[in-house]
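In what follows, every heavy atom counts, from backbone to side chain, and hydrogens, waters and symmetry copies are set aside.
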Amino acid sequence: MALVEINKMNTICAISTPYGSGGIAVIRVSGESAIPLVDSLFHGRKSLIEAAAYTVHYGEIRRKVKGERLEVKGEDDILDQVLVSVFRAPHSFTGEDIVEIACHGSMYIQQTLLQWLVDAGCQMAKAGEFTQRAFLNGKMDLTEAEAVADLIAAQTKAEKDLALSQLRGGISHELDALRERLLTFTSLIELELDFADHEELEFADRSQLNELAEEIDTKIGRLVASFKTGNAIKQGIPVAIIGAPNVGKSTLLNALLGEERAIVSDIQGTTRDTVEDTLILGGMLFRFIDTAGLRQTDDTVESMGIERSRQAAQKAAVIIHLQDASKPVDTLSELNDISDKKIIQVYNKVDLISEEARRQLGEEARIYLSAKSGNVEILKQELIAFAAEQCDIRNAVTISNTRHYEALVRAQAAIQRVQDGLQMQISGEFLSMDLQDCLTALGEITGQISSQEVLNNIFSKFCIGK
């Protein structure tokens, strides 16, 4: 039996609020029988079956006895006093009838209510099944469904803004416009193939198709390039703290985090491996990496740590080049090509040098601080300014999902084959194949073309109750 048919038959239920006791818990029920099933347990001023959509009703959750509502209230008959919200198909999150029960957050009440709903005929929802039903019932496309999960998982304002943009259809609108124009040309080329015996017939203007292919290539390329920004927003901007031994890298990390995360010692080579932690600054997530001091050493273990420092610098978007203000040592030359990195020059231990010595060091494009004192606000502001410049998503569609990125790469390769084919004047049959490959890749992103395996993989990562 197909999944869509199962969705039409089964009524599902789950706790939609986080697991555990709390002030309030919400239990969601969705399906054709959602309203009568909940009504069989609900005792209010009127039946939920008669309730209008988008209404909230106060009452009690009580067991039925022999199909009749209890006439006399007894302590063992009432589970809880609740508020029940009614949403009717098709104007609901899933496109089906939905009932949401707001009960008190006792674990006993939550689990008992779920058990009573199952006894009444509900099935326990699988992870992401509510959102999957919304997708299957045409309430949202696949990018919007995935944005729901991203919105739930958002830890920062930037993540929230990105997920909300995608939930509002930012990616969908962009891709739908591309697919619609491609479909027009694909149809014309297919029409040419139907009249293959008349080689003089050409329904699809090749020059217009070339212009369209170039435009689509540019737009897809911009989306592919945006993945770097989107991934940084979701995973955090990687910041490597690089410098010679004993310049205060671990002290700086602790000062930035506001806690003793890394071991601090006057002994050179204390940090033998990278130490990572995250911090939210200006609504953006940063991943700070404390690294082993760069120097020449015969110590095998320390050498391994130094190599990892170099690797961390390669993967970082920002390098904090930390030097001891009293005896500066430039260690950037120890790294491979870092021309694409944001370099922040920081001089530490300024409390150990005179004003004259500091003036001799110069002020241009440098930050002076004492990590030991914990005063690192000027460095934080520099990082916030970098994030604001690099991760501005207000005026552009931004890709943050690896699945979307991989499909876009395939779509771009296909449209570039179309351009090459037009230059070589290949037959419409081969152009049609490449256009179809591009359309398929774009369709996979929004779910217009999808396999059950892909859908199961996507929605299995959702939380239960959403």
Side-chain angles (χ1 to χ4, degrees), residues 236-282 284-297 299 301-302 305-306 308-313 316-335 338 341-387:
I237 298 175
V239 181
I241 305 174
I242 299 293
N246 274 17
V247 295
K249 297 185 297 298
S250 298
T251 304
L252 179 60
L253 176 65
N254 291 340
L256 287 166
L257 299 175
E259 61 176 285
E260 296 298 315
R261 176 67 177 82
I263 299 173
V264 176
S265 168
D266 292 332
I267 302 172
Q268 288 194 355
T270 298
T271 302
R272 297 295 187 97
D273 200 354
T274 56
V275 178
E276 295 191 30
D277 213 331
T278 59
L279 180 67
I280 296 173
L281 295 173
M284 275 292 302
L285 183 68
F286 288 84
R287 288 192 293 111
F288 290 98
I289 310 161
D290 177 24
T291 65
L294 297 177
R295 66 167 180 167
Q296 297 298 319
T297 179
D299 187 306
V301 176
E302 187 180 356
I306 291 171
R308 291 191 180 185
S309 297
R310 295 191 177 96
Q311 293 173 6
V318 180
I319 293 177
I320 297 176
H321 182 219
L322 193 65
Q323 299 184 66
D324 185 335
S326 64
K327 43 184 178 183
V329 177
D330 186 347
T331 54
L332 291 181
S333 59
E334 298 283 334
L335 304 175
I338 53 172
K341 315 295 182 185
K342 164 72 173 177
I343 309 294
I344 303 178
Q345 297 283 2
V346 179
Y347 283 76
N348 189 27
K349 305 182 183 181
V350 292
D351 53 324
L352 301 181
I353 64 173
S354 65
E355 286 297 323
E356 177 60 28
R358 175 169 170 171
R359 280 194 294 272
Q360 290 178 1
L361 288 171
E363 295 286 343
E364 186 177 354
R366 294 173 178 174
I367 294 175
Y368 293 90
L369 52 77
S370 171
K372 191 174 183 179
S373 70
N375 185 15
V376 292
E377 287 306 313
I378 188 170
L379 176 56
K380 288 183 177 180
Q381 291 304 315
E382 181 78 10
L383 291 167
I384 290 170
F386 169 79

Going by side chain to side chain donor-acceptor pair (under 3.5 Å), name the residues that satisfy it together with Lys341, two or more places apart in sequence or in a different chain.
none

Take atom NZ in Lys372; do more than 12 heavy atoms of anything else shown fall under 6.0 Å from it?
no

Using 0.5 Å steps for rounding, measure from the [atom1] atom of [X] to the [atom2] atom of [Y].
X      : Y      : atom1 : atom2 : result
Ile289 : Thr278 : CD1   : OG1   : 11.5 Å
Ile320 : Glu382 : CD1   : CD    : 9.5 Å
Phe288 : Asp277 : CZ    : CG    : 10.0 Å
Leu257 : Asp290 : CG    : CG    : 9.5 Å
Gln323 : Lys249 : CD    : NZ    : 11.5 Å
Leu253 : Leu322 : CG    : CG    : 11.0 Å

Take Leu332 and Gln345 through the test side chain to side chain contact (heavy atoms under 4.5 Å, CB included) and record every step on the way to the result.
CA-CA 10 Å; Leu332 291 181; Gln345 297 283 2; 3.7 Å; yes

For a 4.5 angstrom cut-off between non-hydrogen side-chain atoms, does [X] reach [Y]?
X      : Y      : value
Asp324 : Asn246 : no
Leu369 : Asn348 : yes
Leu379 : Leu252 : yes
Ile344 : Val239 : no

Tell me the closest heavy-atom pair linking [X] and [Y], and the distance in Å.
X      : Y      : value
Ala317 : Phe386 : O-CZ, 4.3 Å
Lys380 : Leu281 : CD-CD2, 3.8 Å
Ile242 : Ala313 : CD1-CB, 4.1 Å
Thr291 : Ala312 : CG2-CB, 4.1 Å
Gly243 : Thr331 : CA-OG1, 3.5 Å

Quick one, Ile319 with Leu335, criterion side chain to side chain contact (heavy atoms under 4.5 Å, CB included). Give me CA distance, side-chain angles, the key distance, then yes/no.
CA-CA 11 Å; Ile319 293 177; Leu335 304 175; 4.2 Å; yes

His321 side-chain N/O to Asp330 backbone N/O, donor-acceptor pair under 3.5 Å:
no

Which of Leu352, Asp351, Val376 passes side chain to side chain contact (heavy atoms under 4.5 Å, CB included) with Ser370? It is Asp351

Contacts of Tyr347 meeting ring-ring contact (aromatic ring centres under 6.0 Å, His included) (sequence neighbours excluded), chain-then-number -> Tyr368

